[in-house]
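Notes for the one structure printed next.
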Amino acid sequence: MTGQPKVKPHGKPFRILTLDGGGSKGIYTVGVLNELEAHLSNGPLANSFDLIYGTSTGAIIAALVALGETADEITRLYFEIIPCVMRSNTASERTLSLQKHSERIFGERKFDSFRTKVGIVSTNYHFSRPTIFKSHAAQAFSMQKSFKPGFGCTISEAVLASTAALPFFLKRDVLLENQGPTALIDGGFVANNPTLYAITDAVGALKVPVEHLHILSIGVGQYVQADPKMSWFERKKLNFLKKNFPVDILEKTLDASAMSTEILVRFIFENLKYVRINDSYIDNGFATNLLEHDREKLQRMYQLGRTSFGRQQSAIEILLDAH
């Protein structure tokens, strides 16, 4: 769906970038961002947004963007990380592989390293509610004086919590300042599309008038679902899990979460300056899943993201005043 921003209001636009979850399909998002950065001609994308929100794979990308990494570098990293992590056969192997990559890329850097305001969405496993890692005290709704960027965690700890998609990854036990030890899982379970949380931060905490918001929301594309490639042992374990947990509908649950947010955003904020990029591909040739690690398919999704940008270039130009 293409958003058509209305006439620009008086006052400085507050630009927000939101990035969905979706595992390997985040390579589609990276394709969109590659074209976006080239089109804006303003250096790294961190220079172009006031607030960046990400969930799961979108949290990894959001963190890289907010640190000032170029789209080319993010692309390089994603084509390196995805095949390595997703070809693993068990949840523990995937978790360990992603952790090694995350710690190598982000090191011990914390949320004060970001060049713009950030929100990284995760889910509290025991209380079934969002836990959002934020970078700036102005984003807090209360207790600003005791605010700790990212709850005192490293960027790596935050993105690993946001990407802990049970049952394909293990949950993360994280020590949050002011809250203590906390079990966290994938942010997609509460907001696979984090746009509403970003709006809440901007309007509720940062006191930005709604008419000043300019939001670019990027999904991971919608595809025919393909069975994940697994070893005989992992598939046997997965079949056992299905008796107690509907693993086969996890992706549909995440897709429904993202679509619900889009519908609510458009319904509640009728005149919002908002563009959503999340094209559908119903051809079986594009069938994939969140554990995709085939390089040819990943390259295809990346190109689809670049093409999706082209389809909505005019709307994006109006949204971001980038003529």
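Just so we're clear, the structure is a prediction, and the values are computed from it rather than from any experiment.
- In this structure, the side chain of Ser162 does not engage the main chain of Ala158 through any donor-acceptor pair within 3.5 Å.
- Within the model, atoms NZ of Lys25 and OG1 of Thr288 stand 7.0 Å from one another, a figure rounded to the nearest 0.5 Å.
- Separation of atoms CD (Glu35) and CZ (Arg306) is listed at 4.5 Å; rounding is to 0.5 Å.
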Under 3.5 Å donor-acceptor pairs involving side-chain atoms of residues 73-85, not counting sequence neighbours:
{"unit_1": "Glu73", "atom_1": "OE1", "unit_2": "Arg76", "atom_2": "NE", "d": "3.1"}
{"unit_1": "Glu73", "atom_1": "OE2", "unit_2": "Arg76", "atom_2": "NH2", "d": "2.8"}
{"unit_1": "Thr75", "atom_1": "OG1", "unit_2": "Ala71", "atom_2": "O", "d": "2.8"}
{"unit_1": "Arg76", "atom_1": "NH1", "unit_2": "Glu80", "atom_2": "OE1", "d": "3.1"}
{"unit_1": "Tyr78", "atom_1": "OH", "unit_2": "Thr57", "atom_2": "O", "d": "3.0"}
{"unit_1": "Tyr78", "atom_1": "OH", "unit_2": "Thr57", "atom_2": "OG1", "d": "2.6"}
{"unit_1": "Glu80", "atom_1": "OE2", "unit_2": "Arg104", "atom_2": "NH1", "d": "3.4"}
{"unit_1": "Glu80", "atom_1": "OE2", "unit_2": "Arg104", "atom_2": "NH2", "d": "2.4"}

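- Ile60 and Leu170 fall into different hydrophobic clusters, where Ile, Leu, Val, Met, Phe, Trp and Tyr are joined by side-chain heavy atoms under 4.5 Å apart, directly or via other members.
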Taking only distance into account, with no hydrogens and no angle test, what donor-acceptor pairs under 3.5 Å do side-chain atoms of residues 185-196 form with protein atoms, sequence neighbours excluded?
{"unit_1": "Asp186", "atom_1": "OD1", "unit_2": "Gly188", "atom_2": "N", "d": "2.6"}
{"unit_1": "Asp186", "atom_1": "OD2", "unit_2": "Ser56", "atom_2": "OG", "d": "2.7"}
{"unit_1": "Asn192", "atom_1": "ND2", "unit_2": "Gly21", "atom_2": "O", "d": "3.3"}
{"unit_1": "Asn192", "atom_1": "ND2", "unit_2": "Leu254", "atom_2": "O", "d": "3.3"}
{"unit_1": "Asn193", "atom_1": "OD1", "unit_2": "Thr195", "atom_2": "N", "d": "3.1"}
{"unit_1": "Asn193", "atom_1": "OD1", "unit_2": "Thr195", "atom_2": "OG1", "d": "2.6"}
{"unit_1": "Thr195", "atom_1": "OG1", "unit_2": "Thr18", "atom_2": "OG1", "d": "2.9"}
{"unit_1": "Thr195", "atom_1": "OG1", "unit_2": "Ser217", "atom_2": "OG", "d": "3.3"}

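- Cluster membership check: Val174 does not share its hydrophobic cluster with Phe127, using side-chain heavy-atom separations under 4.5 Å among Ile, Leu, Val, Met, Phe, Trp and Tyr.
- A salt bridge between Arg300 and Asp294 is absent, with no side-chain N of the basic residue lying under 4.0 Å from a carboxylate O of the acidic one.
- The hydrophobic clustering, which links ILVMFWY residues whose side-chain heavy atoms are closer than 4.5 Å, places Phe269 and Val203 together.
- Ring centers of Phe133 and Phe151: under 6.0 Å apart, within the cut-off.
- Atom CZ of Arg15 is separated from atom CG of Leu17 by 11.5 Å, given to the nearest 0.5 angstrom.
- In this structure, Leu291 and Met86 approach most closely via the heavy-atom pair O-CB, 3.3 Å.
- With values rounded to the nearest 0.5 angstrom, Phe169 atom CZ is found 10.5 Å from Thr90 atom OG1.
- Proximity of a side-chain donor or acceptor of Ser102 to a complementary backbone N or O of Leu98 within less than 3.5 Å is not detected.
- A side-chain donor from one of Gln139 and Ser135 sits under 3.5 Å from a side-chain acceptor of the other.
- The aromatic rings of Tyr223 and Tyr281 lie parallel to each other, with less than 30° between the two planes, well short of the 60° mark.
- Across all non-hydrogen atoms, the minimal contact from Ile16 to Ala198 is CG2-CB, 3.9 Å.
- There is no side-chain donor-acceptor pair under 3.5 Å between Thr182 and Tyr125.
- At a threshold of 4.5 Å between non-hydrogen side-chain atoms, the residues Val275 and Ile215 do not count as touching.
- Nearest heavy atoms, Leu213 versus Lys273: O-CB, 3.4 Å.
- In this structure, Asp201 pairs ionically with Lys134, as a charged nitrogen and a carboxylate oxygen lie closer than 4.0 Å.
- Side-chain atoms of Ser280 and Gln222 include a donor-acceptor pair closer than 3.5 Å.
- In this model, a donor atom of one side chain and an acceptor atom of the other lie less than 3.5 Å apart for Asp72 and Asn34.
- Side-chain contact between Leu272 and Val210: present, with at least one pair of heavy atoms (C-beta onward) separated by less than 4.5 Å.
- Looking at Ile52, Thr70, Val65, Leu64 one by one, the single match for side-chain contact (heavy atoms from CB on, under 4.5 Å) with Leu45 turns out to be Val65.
- A distance below 6.0 Å separates the ring centres of Phe309 and His39.
- The line from OG1 of Thr131 to CG of Leu184 is 5.0 Å long, rounded to the nearest 0.5 Å.
- A donor-acceptor pair under 3.5 Å links the side-chain atoms of Thr307 to the main chain of Gln303, judged by distance alone.
- In terms of heavy-atom proximity, Met301 sits nearest to Ser24 at CE-O, 4.3 Å.
- For the pair Leu33/Ile61, a side-chain contact is recorded, criterion being any heavy-atom separation below 4.5 Å from C-beta on.
- No single ILVMFWY cluster, assembled from side-chain heavy atoms under 4.5 Å apart, contains both Tyr274 and Val220.
- Of the possible polar contacts, one joining the Ser308 side chain to the Leu304 backbone as a donor-acceptor pair under 3.5 Å is found.
- Between the side chain of Thr123 and the backbone N or O of Arg129, no donor-acceptor pair lies under 3.5 Å.
- Using a distance-only test at 3.5 Å, with no hydrogens or angles considered, no donor-acceptor pair links the side chain of Ser48 to the main chain of Pro44.
- Within 6.0 Å of the CZ atom in Phe141, the count of heavy atoms belonging to other residues, nucleotides or ligands exceeds 12.
- Phe114 and Ala66 get closest at one heavy-atom pair: CD2-CB, 3.5 Å.
- In terms of hydrophobic clustering, with Ile, Leu, Val, Met, Phe, Trp and Tyr side chains grouped at heavy-atom distances under 4.5 Å, Phe147 and Leu175 are assigned to different clusters.
- Residue Arg172 comes nearest to Leu160 through the heavy atom pair CG-O, 3.4 Å, listed as atom of the first residue, atom of the second, then distance.
- Ile277 is listed as a side-chain neighbour of Leu216, based on a closest heavy-atom distance under 4.5 Å.
- Judged purely by atom type and a 3.5 angstrom limit, Lys12 has no side-chain atom pairing as donor or acceptor with the backbone of His212.
- Separating the CG atom in Asp173 from the CG atom in Leu176 is a distance of 10.5 Å, to the nearest 0.5 Å.
- There is no side-chain donor-acceptor pair under 3.5 Å between Asn89 and Arg94.
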Item to complete: Test Asp279 against Arg311 for salt bridge (Lys or Arg N to Asp or Glu O under 4.0 Å), laying out the working first.
Response: CA-CA 10 Å; Asp279 289 338; Arg311 291 195 184 106; 2.7 Å; yes
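- With hydrogens and angles disregarded, no donor-acceptor distance shorter than 3.5 Å links the side chain of Asn42 to the backbone of Glu37.
- Although no hydrogens or angles enter the test, the distance criterion places a donor-acceptor pair under 3.5 Å between the side chain of Asn178 and the main chain of Ser146.
- In the model, Ser156 has no side-chain atom that pairs as donor or acceptor with a side-chain atom of Thr154 under 3.5 Å.
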Item to complete: In sequence, state the C-alpha distance, the side-chain angles, and the governing distance for Arg266 and Glu270, and then conclude on salt bridge (Lys or Arg N to Asp or Glu O under 4.0 Å).
Response: CA-CA 5 Å; Arg266 292 186 183 280; Glu270 184 178 354; over 6 Å; no
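- In this structure, Ile263 and Val265 have side chains that are not in contact, with every pair of non-hydrogen atoms separated by 4.5 Å or more.
- A donor-acceptor pair under 3.5 Å links the side-chain atoms of Thr116 to the main chain of Phe49, judged by distance alone.
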